[in-house]
Amino acid sequence: MVLEIIILVIAILLILAAFIIMRTYVFIHKASEDAGSDLPGVELTPIKVDKDLAARHLSEAIQIETISHEDPAENVAENFEKLHKLLEKNYPHLHKALKREIVGQASLLYTWEGKDASLDPVLLAAHQDVVPAEESSLSQWSYPPFSGKIAEGYIWGRGTLDIKSQLISLMEAVEQLVINDYKPERTVLLGFGSDEEVLGIGAKSIVALLQKRGVHLAGMIDEGGCIYDGIIPGVKGLAGAIGVAEKGYLSLKVFVDDHAGHSSTPADSNATSILIRALNKIVNNPFPAKVSMVVPMFEKLGAAATPIMQVAFGNLWLFGGIIKKTLLASGEAAATIRTTTAVTILKGGVKDNILPGHAEAVVNFRLLPGESIAYVCESLRKLIADDRVKFEPLHGNAWEASPVSPTTSMAYRHIASVTREFFPGAPCAPYIMLGGSDARNYYAICENVYRFSPYAMTTDDLSRIHGVNERLKVDAFAVMVDYFYRLIARWSQKEM
Ligand SMILES: [Zn+2]
């Protein structure tokens with residue numbers, strides 16, 4: 001009898017092991033089907049990137065301090081004008097072939113008419129503005145943040161990674177296409193907002209203008225993902241992360257109004273204690289984590305994943321719980337799979353012996369695609385279940401998570417396909433961007449919205465964005481130029 005049970009258990013374990021292996025095999029096999037690998041390139045005069053000249057052009061753009069401010073009145077308009085003049089000077093052929101419009105305060109829209117006006121245009125975007133360099137960190141910079149110094153094989157300064165490199169490489173690419181007498185089949189638009197870093201309205205006004213003209217885009221690309229070098233947990237080597245969505249944003253004022261009183265005779269409940277109880281509930285009851293959000297990404301990265309990850313993602317039915325725990329252990333990964341909650345402001349009281357009649361907090365939420373602002377508010381109302389606690393979105397500081405762009409569109413497949421030309425062997429995968437970008441505005445006129453910059457990024461590089469010693473390799477910048485040269489040619493074909 002005992003022997004029979006042992007045999008039965010062994011048999012069940014063997015069947016289970018076989019099933020896990022089979023599922024892993026199917027997973028790896030599926031992952032190796034690269035998006036766009038069947039797409040032919042276009043016939044195109046190859047570009048000869050003068051990498052030193054291109055680097056100098058980027059350096060010149062870095063030297064102009066196009067810092068954006070929450071209050072647009074603080075922006076130095078002259079600096080944006082200087083940048084516009086610089087573009088005119090460095091890209092004369094482009095400025096002859098394309099129409100340029102200044103939209104709103106300082107945003108730019110370039111139009112390169114295609115041969116066939118009946119085709120939907122494509123749009124390539126970047127933002128002109130940068131964040132300032134913190135006064136206290138200036139001494140830590142190897143070269144001043146707005147020097148645009150070219151040294152040690154890098155271009156140094158604010159905007160090299162975020163994201164003048166994209167803006168200038170797009171200009172370089174189009175300039176070369178025009179020089180090489182390339183004629184786009186469909187209209188190519190370049191859209192450069194001027195206030196992305198302060199969540200401004202530059203890109204929004206470009207979209208509004210296009211909308212007014214009845215434009216619908218076949219595809220658009222902006223900053224967002226890039227080629228991650230050892231950054232994605234469980235993935236070896238280079239992997240292209242193409243942003244297909246971004247999280248929503250909600251800053252909610254949570255407040256309580258109650259009778260003020262003397263602190264020597266506190267009532268059971270008063271404004272501060274009611275607020276504290278409410279915040280406690282909010283902080284201790286995070287929104288549910290959804291592993292399903294990263295499944296499409298790991299499905300595509302399967303080939304480059306470590307064997308353990310391959311087994312785990314191939315068998316979510318068994319290892320879903322462990323994966324969830326692993327992802328929740330890292331702040332970045334956790335933010336990818338849930339709507340996050342962060343109490344960012346606390347206010348209440350003016351004197352140590354007075355119970356304030358009003359107490360308030362601001363809670364910042366970053367919403368997963370599929371979880372609306374209404375859903376978050378309703379969940380909180382149910383969770384707190386106290387009518388004395390009121391909610392109010394901070395004015396202007398809220399938008400829904402974006403839709404999720406498809407990975408089956410020609411636009412996406414071309415991005416993946418050109419990426420493979422420059423980074424052979426690197427799998428491309430869709431991912432959800434945690435921060436915000438101008439791209440979210442474009443869903444109003446486009447379903448195929450992507451976020452990608454064709455440079456490789458290590459964890460070290462990541463810390464330089466908005467940080468100290470932001471820099472980009474001269475060679476990597478030359479690749480960006482060539483990348484967009486090829487991508488624009490592909491995207492502007494009739495069949496796209
Ligand atoms: Zn940016």
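Each ligand, and each atom within it, is numbered from 1 in the order the structure gives.
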Less than 4.5 Å apart, any side-chain heavy atom of His466 and any of Glu197?
-> yes
Table please: side-chain donor-acceptor pairs of residues 211-220 below 3.5 Å, with sequence neighbours left out.
from: Arg213; atom 1: NH1; to: Glu101; atom 2: OE1; distance (Å): 3.1
from: Arg213; atom 1: NH1; to: Glu101; atom 2: OE2; distance (Å): 3.4
from: Arg213; atom 1: NH2; to: Glu101; atom 2: OE2; distance (Å): 2.5
from: His216; atom 1: ND1; to: Asp120; atom 2: OD2; distance (Å): 2.9
from: His216; atom 1: NE2; to: Glu447; atom 2: OE1; distance (Å): 3.1
from: His216; atom 1: NE2; to: Glu447; atom 2: OE2; distance (Å): 3.1

For the Zn ion (ligand 1), protein N, O or S atoms at a distance below 2.8 Å amount to 4
side-chain hydrogen bond (donor to acceptor under 3.5 Å, both in side chains) between Arg490 and Ser417, worked out | CA-CA 10 Å; Arg490 283 177 177 231; Ser417 175; 2.9 Å; yes
Name of the residue among Tyr443, Tyr412, Tyr442 meeting ring-ring contact (aromatic ring centres under 6.0 Å, His included) with Tyr450 = Tyr412
His127 and Asp162: side-chain hydrogen bond (donor to acceptor under 3.5 Å, both in side chains), yes or no, with the steps?
-> CA-CA 8 Å; His127 57 87; Asp162 184 11; 3.1 Å; yes
Please test Ser405 against Asn448 for side-chain hydrogen bond (donor to acceptor under 3.5 Å, both in side chains), starting from the C-alpha separation and ending with a verdict.
-> CA-CA 5 Å; Ser405 306; Asn448 302 320; over 6 Å; no
